[in-house]
Enquirer: 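Have a look at the structure that comes next, please.
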Amino acid sequence: FCMMQYEVSTLQDFEFINAVFRALDEAVECAGLFKYQHVSSGNTHNYIVTCPRVCNLFDFELQNEEYPYESYYREMLALGFELQRIVAEAIAQVSAPQTTWAP
């Protein structure tokens with residue numbers, strides 16, 4: 001899916017890819033997690049998500065709390081399934097480009 005970003009040739013293509021990434025970003029935000037970055041290098045494409053603790057290194061109150069392993073694990077797992085669902089729906093739409101995609 002991420003390879004499509006290099007094949008954008010029309011405004012419709014751009015709007016489609018933008019809608020997909022916007023949906024991914026919104027799912028991450030709703031999960032209470034953070035998108036760290038989207039990295040592309042050659043044929044490797046990564047959408048990196050992290051827990052709040054990693055994105056708030058200088059929040060000493062948060063850093064001193066006990067690490068909520070189970071909570072973050074469940075949130076990341078649920079988010080992973082949601083991101084897969086969003087991408088699968090988007091890929092299904094590629095075969096019907098005349099249709100407007102919405103998550």
Side-chain angles (χ1 to χ4, degrees):
F1 166 74
C2 291
M3 290 296 291
M4 291 178 60
Q5 70 180 332
Y6 300 111
E7 299 173 8
V8 174
S9 61
T10 67
L11 180 58
Q12 182 180 2
D13 292 340
F14 174 80
E15 289 172 346
F16 172 77
I17 292 171
N18 187 53
V20 174
F21 277 101
R22 192 171 56 247
L24 295 173
D25 292 346
E26 288 172 5
V28 170
E29 186 176 332
C30 286
L33 301 168
F34 294 86
K35 178 176 97 172
Y36 181 67
Q37 61 183 323
H38 170 233
V39 180
S40 296
S41 177
N43 290 330
T44 304
H45 306 281
N46 300 296
Y47 185 89
I48 302 172
V49 176
T50 186
C51 69
R53 185 168 281 199
V54 172
C55 289
N56 294 289
L57 293 175
F58 298 106
D59 183 337
F60 298 113
E61 185 177 325
L62 177 65
Q63 296 300 328
N64 288 326
E65 293 175 4
E66 185 175 337
Y67 193 82
Y69 291 100
E70 287 299 315
S71 166
Y72 285 162
Y73 170 78
R74 285 190 304 274
E75 290 166 2
M76 285 284 205
L77 189 57
L79 176 61
F81 288 126
E82 176 63 8
L83 296 178
Q84 287 177 338
R85 183 194 66 76
I86 291 168
V87 171
E89 287 182 6
I91 289 171
Q93 288 298 315
V94 171
S95 63
Q98 67 278 8
T99 307
T100 302
W101 180 78

Enquirer: So do the side chains of Leu24 and Val28 get within less than 4.5 Å of each other, counting heavy atoms only?
Expert: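 Not touching, per the 4.5 Å side-chain cut-off.
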Enquirer: Kindly say whether Leu62 contributes a backbone atom to a donor-acceptor pair with the side chain of Asp59 at under 3.5 angstrom?
Expert: yes
Enquirer: Is the side chain of Tyr47 donor-acceptor paired with the backbone N or O of Lys35 at a distance under 3.5 Å, no angle test?
Expert: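 A pair under 3.5 Å: no.
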Enquirer: Please report the shortest heavy-atom distance between Leu33 and Cys51, naming the atom on each side.
Expert: CD2-CA, 3.8 Å
Enquirer: When you look at CD of Glu29, are more than 12 heavy atoms from neighbouring residues, nucleotides or ligands closer to it than 6.0 Å?
Expert: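 No - once you tally the heavy atoms of other residues, nucleotides and ligands closer than 6.0 Å, there are 12 at most.
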Enquirer: Please name all residues satisfying side chain to side chain contact (heavy atoms under 4.5 Å, CB included) with Phe58, sequence neighbours left out, ordered by chain then number.
Expert: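 Counting only residues at least two positions away or on another chain, Phe58 forms a side chain to side chain contact (heavy atoms under 4.5 Å, CB included) with Phe60.
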Enquirer: Nearest 0.5 Å please: distance from the CZ atom of Phe21 over to the CD1 atom of Ile17.
Expert: 7.5 Å
Enquirer: Would you compute the distance between atom CD1 of Ile91 and atom CD of Gln93 and round it to the nearest 0.5 angstrom?
Expert: 11.5 Å
Enquirer: Connecting only ILVMFWY residues whose side-chain heavy atoms lie within less than 4.5 Å of each other, what is the rest of Val54's hydrophobic cluster?
Expert: none
Enquirer: If you count heavy atoms of other groups shown closer than 6.0 angstrom to CD of Glu65, is the number above 12?
Expert: yes
Enquirer: Mind checking whether Phe34 and Ile86 sit in one hydrophobic cluster, side chains of I, L, V, M, F, W, Y counted as touching below 4.5 Å?
Expert: no
Enquirer: Arg53 and Gln63: which non-hydrogen atoms are nearest, and at how many Å?
Expert: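 The answer is O-NE2, 2.8 Å.
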Enquirer: Which atoms form the tightest heavy-atom contact between Met76 and Val49, and what is the distance?
Expert: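 Taking every non-hydrogen atom into account, CE-O, 3.6 Å.
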Enquirer: Can you tell me which residue pairs pass the side chain to side chain donor-acceptor pair (under 3.5 Å) test with a partner in residues 66-79, sequence neighbours excluded?
Expert: Ser71-Glu75
Enquirer: Of all heavy-atom pairs between Gly32 and Pro52, which one has the smallest distance, and what is that distance?
Expert: O-CG, 3.3 Å
